[in-house]
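Below: one structure, written as structure tokens.
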Amino acid sequence: MLGYPFARPWTIALCAVAFSGCARATASSPTDHEPGYPAPLPAQDSPPVTFTSEQLLTRLLNLIRTTKSISALTIEQLSTAMKQPARSFGPGKSGFSGNLTASWGFALVLRNAGETRARLDFEFLDGSPRRDSYATEICSADVDYVASELEALGFKRGRVYGEHGSVIHDRFYRPGLSIEMDSIREPHSASSDRTPRSCVLALRME
């Protein structure tokens with residue numbers, strides 16, 4: 001299975017602040033010390049993570065349901081929606097991070113809360129050296145489910161295409177709030193008749 005189709009700058013930055021598994025991908029990465037993105041907290045200082053991939057997505061959907069705009073979202077509201085207190089990742093950045101499985105972690109970061117340039121970034125992070133972990137582990141709530149929930153909340157769905165008709169990401173919009181969603185396919189299994197699903201990889205909200 002292929003890993004990420006491309007790397008985004010904010011993706012690399014989230015790895016630097018969030019997922020201990022990202023450190024396994026390379027012995028030393030220049031993003032580990034990128035200005036403005038603190039190194040991960042020592043394991044003994046990190047709060048226990050009790051999320052599952054499905055909980056993360058369903059709680060995010062519940063948050064979106066009651067959020068008119070990301071600029072109006074507070075850290076307290078984020079904590080309430082996720083049912084855990086958010087922690088600081090440095091000036092202007094608060095949220096959650098941790099491991100979900102042996103291969104996958106996540107980062108959820110609210111940036112510049114209360115400002116017009118606020119945004120909420122979420123990503124599942126593949127910590128394997130080749131970034132080729134099976135997406136099935138993070139696919140309890142797949143793209144079809146999340147898209148249908150967003151459309152039920154009044155979002156209009158569109159797609160951004162790249163070369164040769166490939167989908168770069170899905171885009172959802174309603175007045176005051178836009179969401180970009182990256183996805184990753186499950187591997188095809190010769191032993192299963194089920195069609196591989198598209199799994200949510202990242203959500204960027206502003």
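All residue numbers in this chain count up from 1 along the given sequence. Small disclaimer: the values here were computed from a predicted structure and weren't measured.
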Side-chain contact, heavy-atom cut-off 4.5 Å: [X] with [Y]?
X: Phe89; Y: Ser97; answer: yes
X: Met82; Y: Phe51; answer: yes
X: Asp126; Y: Ile184; answer: no
X: Ile70; Y: Leu177; answer: yes
X: Pro187; Y: Thr136; answer: yes
X: Met181; Y: His169; answer: no
X: Glu137; Y: Ser53; answer: no
X: Leu100; Y: Phe124; answer: yes

Task: Check: Ser88 side chain, Gly90 main-chain N or O, donor-acceptor pair, under 3.5 Å - done: yes
Heavy-atom closest contact ([X] atom, [Y] atom, distance):
X: Arg185; Y: Ser198; result: NH1-OG, 2.9 Å
X: Val200; Y: Ala141; result: CG2-O, 4.1 Å
X: Ala118; Y: Ser71; result: CB-CA, 3.9 Å
X: Trp104; Y: Ser133; result: NE1-CB, 3.5 Å

- [ ] Walk me through it: do Ile64 and Ile179 pass the test side chain to side chain contact (heavy atoms under 4.5 Å, CB included)?
- [x] CA-CA 10 Å; Ile64 292 167; Ile179 301 173; 3.8 Å; yes
Open item on the list: For the residue pair Arg65 / Asn62, report whether a side-chain donor-acceptor contact shorter than 3.5 Å exists.
Closed with: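 Yes - a donor-acceptor pair under 3.5 Å links their side chains.
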Open item on the list: Would you say Ser103 and Thr101 are linked by a side-chain donor-acceptor pair, where the criterion is simply a distance under 3.5 Å?
Closed with: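 Side chains of Thr101 and Ser103: no pair found under 3.5 Å.
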Check whether [X] and [Y] end up in the same hydrophobic cluster, where Ile, Leu, Val, Met, Phe, Trp and Tyr are linked by side-chain heavy atoms less than 4.5 Å apart.
X: Phe122; Y: Ile75; answer: yes
X: Leu153; Y: Tyr145; answer: yes
X: Tyr173; Y: Leu73; answer: no
X: Val146; Y: Phe155; answer: yes

Could you state the interatomic distance from [atom1] ([X]) to [atom2] ([Y]), rounded to the nearest 0.5 Å?
X: Leu57; Y: Glu149; atom1: CG; atom2: CD; answer: 11.0 Å
X: Asp142; Y: Glu186; atom1: CG; atom2: CD; answer: 8.0 Å
X: Leu203; Y: Ser183; atom1: CG; atom2: OG; answer: 10.5 Å
X: Leu201; Y: Leu125; atom1: CG; atom2: CG; answer: 8.0 Å
X: Lys156; Y: Phe172; atom1: NZ; atom2: CZ; answer: 12.5 Å
X: Leu108; Y: Ser94; atom1: CG; atom2: OG; answer: 10.5 Å

Task: N-O pairing of Arg197 and Asp144 below 4.0 Å - done: no
Open item on the list: Using the rule side-chain hydrogen bond (donor to acceptor under 3.5 Å, both in side chains), only one of Arg204, Arg111, Lys93 pairs with Asp121; which is it?
Closed with: Arg111
